[in-house]
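Encoded as structure tokens, the structure appears first; notes follow it.
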Amino acid sequence: MSKLYIKGGNPLIGEIKVAGNKNAALPILGATLLTDKEIVLNNLPDIIDVRRMIKLLEIVGKQITYLNKNSVRITGSISTNKLPEEYAGKLRASILLLAGLLLKTDEAFLFPPGGCVIGRRKVDSHFEMVENFGGEVSTSREGFHITLSKKKSAKIFLKEVSVTATENAMILASGIKGKSIIQNAACEPHVVDLAEFLMKIGVKIEGAGTNQIIIKGCEKLHGTNHSIVPDHIEAGTFAIAAAATKGNLIIHDAIEDHFQSMGRMLKSMNVNFQFLDKKTLHVSPSELKIIEKKLQVGLWPNFPTDLMSPAIVLATQSKGSILCHDWMFESRMFFVDKLNVMGADIIQADPHRVIVNGPTQLHGQHLSSPDIRAGIALVIAALSAHGNSIIDNIEIVDRGYEDIENRLNSLGAGIKREN
Ligand code: EPU
């Protein structure tokens, strides 16, 4: 188990570049199963989840060559449709291999996918979607057996606006001849990036980024070269870290069009920021105060759930009280007890709602990170605190953030890792 030793109190100053979007990289890696032709992916974040997904691709038969730590060449075809529990059970995004396996081998064997423990994270929207395309699902103690012997294009209305179910539906529709329509679709930048990739390999897609996506699938798809879109959640995370530490930070590859709801959140806590151009964000020292008294997550383009935990840390440094509400995940908010141990004043009203009263001086503590986003939130809290903190279980942060201590240290943070 790795831990970070963090010296608090240093403002983050300098320039940083946002990495590629984890949640775009994972479905795009899954979609590489659609073709046996050569695919080159650039700007992949070098994080544990991406490495696990690449390992799964190798297990099912793909050949992967690392061109550098952020680029891979993928060739070869599928030789097995069984995902071993040892790997698939650790990565919820392993479900994103489902569509490719079904298209190439007519069946797939999956284990309940793993991932962060932040809620019930059901997979039934995926299975209902597959049934709409002609598939059948059976469940046993060994896991899930899904078959798709009679594929057909379909008009489907997703059970809920699920990001990965939308992505699996897009991948499946891409490999089935004919026109499919996906309604109640998720609209995140990673869904749009997946569509860009699918179009490059020969699929015709309209409406990605809206809640209705129309796909004209094709059985023979070709190779391509694609660069993963920058990660808007990482951009928002760095902006919050700069504001919470009273830093002065220029963030490159922060895409202005993806920043609308995150920008509103920063304004609602009086953070000084401006876009220098469409991809460069400048955050400067601010007198943090709560201007809007409620922050609620929503379906994209509303405020993303994955930025709620860091936003709560920012609220602890802002003058005033704010109600933070995450209706999506049942366990997202439980990490606030760790912030209270550091000196925060947060009342947990119920599993989905907390009231943060600020500003409070946080003090260094010995903590453990429970999920990716709470983990990075604790890192930001430790950077803003008086004194030293130790954060255990840092592998969970490594699942989503590349080389986090060196990147933050280049901005003046005092972080040491112990493996
Ligand atoms: N939900 C609803 N109603 C909806 C939509 C969602 O209740 O209309 C609930 C779901 O039941 C679930 C939660 O909200 O409990 C999230 O649902 P979704 O199916 O969209 O999540 P996902 O596809 O499994 C992806 C990301 C998550 C991110 C969510 C929400 C990937 C690989 N994972 O998960 O990322 O939190 O969307 O945006 O893309 C992370 O990066 O730390 C992470 C957990």
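Heavy-atom basis, side chains included; hydrogens, waters and symmetry copies ignored.
- Without hydrogens or angle criteria, S286 side chain to L288 main chain gives no donor-acceptor distance under 3.5 Å.
- The main-chain N or O of P285 is found under 3.5 Å from a side-chain atom of N272 such that the two form a donor-acceptor pair.
- Shown are L148, T80, I78; of these, the side chain to side chain contact (heavy atoms under 4.5 Å, CB included) with T105 is made only by I78.
- Side chain of T166 to backbone of A186: a donor-acceptor contact under 3.5 angstrom is found.
- Side-chain atoms of S284 and N248 include no donor-acceptor pair closer than 3.5 Å.
- Between G412 and N10, the shortest heavy-atom contact is O-ND2, 2.9 Å.
- The backbone N or O of L314 lies less than 3.5 Å from a partner atom in the side chain of S318, making a donor-acceptor pair.
- Side-chain atoms of Y401 and T237, non-hydrogen and from C-beta on, do get closer than 4.5 Å to each other.
- Here the closest non-hydrogen pair linking A239 and I251 is N-CD1, 3.5 Å.
- Atom CD1 in I346 sits 4.5 Å away from atom CG in L339 (nearest 0.5 Å).
- A heavy-atom distance below 4.5 Å is found between the side chains of T224 and I39.
- Looking at I59 and L83, their side chains never come closer than 4.5 Å, going by heavy atoms from C-beta outward.
- Distance alone, capped at 3.5 Å, places no donor-acceptor pair between the S71 side chain and the N68 backbone.
- Around the CD atom of Q296, the shell of radius 6.0 Å holds more than 12 heavy atoms that belong to other residues, nucleotides or ligands.
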Report all side-chain donor-acceptor pairs from residues 208-220 shorter than 3.5 Å, counting only partners two or more places apart or in another chain.
from : atom 1 : to   : atom 2 : distance (Å)
T210 : OG1    : G207 : O      : 2.6
T210 : OG1    : Q212 : N      : 3.2
T210 : OG1    : Q212 : O      : 3.0
Q212 : OE1    : Q183 : NE2    : 2.7

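- Annotation: K200, atom NZ; neighbour count of heavy atoms from other residues, nucleotides and ligands within 6.0 Å is above 12.
- Going from atom CD1 of I376 over to atom CD1 of I404 covers 4.0 Å, rounded to the nearest 0.5 Å.
- In terms of the side chain to side chain contact (heavy atoms under 4.5 Å, CB included) criterion, residue partners of D106 (sequence neighbours excluded) are, by chain and number, K151.
- F335 pairs in a side chain to side chain contact (heavy atoms under 4.5 Å, CB included) with only one of the listed residues (D371, L367, I312), which is I312.
- In plain terms, the two heavy atoms of P310 and R373 that are nearest each other are CD-O, 4.0 Å.
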Given side-chain contact (heavy atoms from CB on, under 4.5 Å), test I322 with M269 step by step and report yes or no.
CA-CA 10 Å; I322 183 169; M269 297 197 205; 4.1 Å; yes
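- Residues forming a ring pair (Phe, Tyr, Trp, His ring centres under 6.0 Å) with H226 (at least two apart in sequence, or on another chain): F197.
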Run the numbers on D398 and R417 for salt bridge (charged side-chain N to carboxylate O under 4.0 Å, His left out), then give the verdict.
CA-CA 12 Å; D398 298 334; R417 176 182 290 253; 2.9 Å; yes
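- Listed for the N393 side chain is a donor-acceptor partner under 3.5 Å among the backbone atoms of S369.
- Here the side chains of L362 and Q317 are in contact, with some heavy-atom distance below 4.5 Å.
- K55 has its side chain within reach of E58: a pair of non-hydrogen atoms, C-beta onward, lies under 4.5 Å apart.
- Across V229 and A24, no two heavy atoms sit closer than the pair CG1-CB, 4.0 Å.
- No side-chain heavy atom of T164 sits under 4.5 Å from any side-chain heavy atom of L26.
- The two atoms that bring W300 and C187 nearest to each other are CD1-O, 3.2 Å, heavy atoms only.
- Scored by the side chain to side chain contact (heavy atoms under 4.5 Å, CB included) test, K159 finds D124, S125, E128 as partners (sequence neighbours excluded).
- The side chain to side chain donor-acceptor pair (under 3.5 Å) test applied to D337 returns no partner, not counting sequence neighbours.
- Proximity of a side-chain donor or acceptor of E167 to a complementary backbone N or O of P27 within less than 3.5 Å is not detected.
- Looking at N70 and E402, their side chains do bring a donor and an acceptor atom within 3.5 Å of each other.
- Counting only heavy atoms from C-beta outward, the side chains of I240 and L307 approach each other to under 4.5 Å.
- In terms of modelled atom types and a separation under 3.5 Å, the side chain of T147 and the main chain of S149 share no donor-acceptor contact.
- Remark: I390 CD1 to S368 OG distance equals 11.5 Å, nearest 0.5 Å.
- A side chain to side chain donor-acceptor pair (under 3.5 Å) check over residues 15-29, counting only residues at least two apart or in different chains, returns the pairs E15-H252, N21-H190.
- Under the rule for a side chain to side chain contact (heavy atoms under 4.5 Å, CB included), the partners of A241 that lie at least two apart in sequence or sit in another chain are L12, I380.
- Scored by the ring pair (Phe, Tyr, Trp, His ring centres under 6.0 Å) test, F259 finds F275 as partners (sequence neighbours excluded).
- Put simply, the side chain of L57 reaches to within 4.5 Å of the side chain of L97, judged on heavy atoms.
- The shortest heavy-atom contact between P11 and G9 is CD-O, 3.5 Å.
- Within the structure, every pair that satisfies the ring pair (Phe, Tyr, Trp, His ring centres under 6.0 Å) test and touches residues 59-109, not counting sequence neighbours, is listed here: F109-H145.
- In the displayed structure, E395 atom CD is contacted under 6.0 Å by more than 12 heavy atoms of other residues, nucleotides or ligands.
- Annotation: the span from Y5 atom OH to S389 atom OG amounts to 12.0 Å, rounded to 0.5 Å.
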Please walk me through it: do T316 and M342 pass side-chain contact (heavy atoms from CB on, under 4.5 Å)?
CA-CA 11 Å; T316 68; M342 296 179 83; over 6 Å; no
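- For S268, the side chain to side chain donor-acceptor pair (under 3.5 Å) test picks out no residue, with sequence neighbours left out.
- The backbone N or O of L221 sits less than 3.5 Å from a side-chain atom of T35, completing a donor-acceptor pair.
- One finds a salt bridge joining R332 and D326 here, because a Lys/Arg side-chain nitrogen approaches an Asp/Glu carboxylate oxygen to under 4.0 Å.
- The distance from the CD atom of E206 to the CE atom of M199 is 9.5 Å, given to the nearest 0.5 Å.
- Evaluation of the ring pair (Phe, Tyr, Trp, His ring centres under 6.0 Å) rule for F334 yields no partner, not counting sequence neighbours.
- A distance of 9.0 Å separates CD1 of I146 from CG of L101, quoted to the nearest 0.5 Å.
- No donor-acceptor pair closer than 3.5 Å links the side chain of N42 to the backbone N or O of S227.
- Pairs passing the salt bridge (Lys or Arg N to Asp or Glu O under 4.0 Å) check and including a residue from residues 170-198, sequence neighbours excluded, do not occur.
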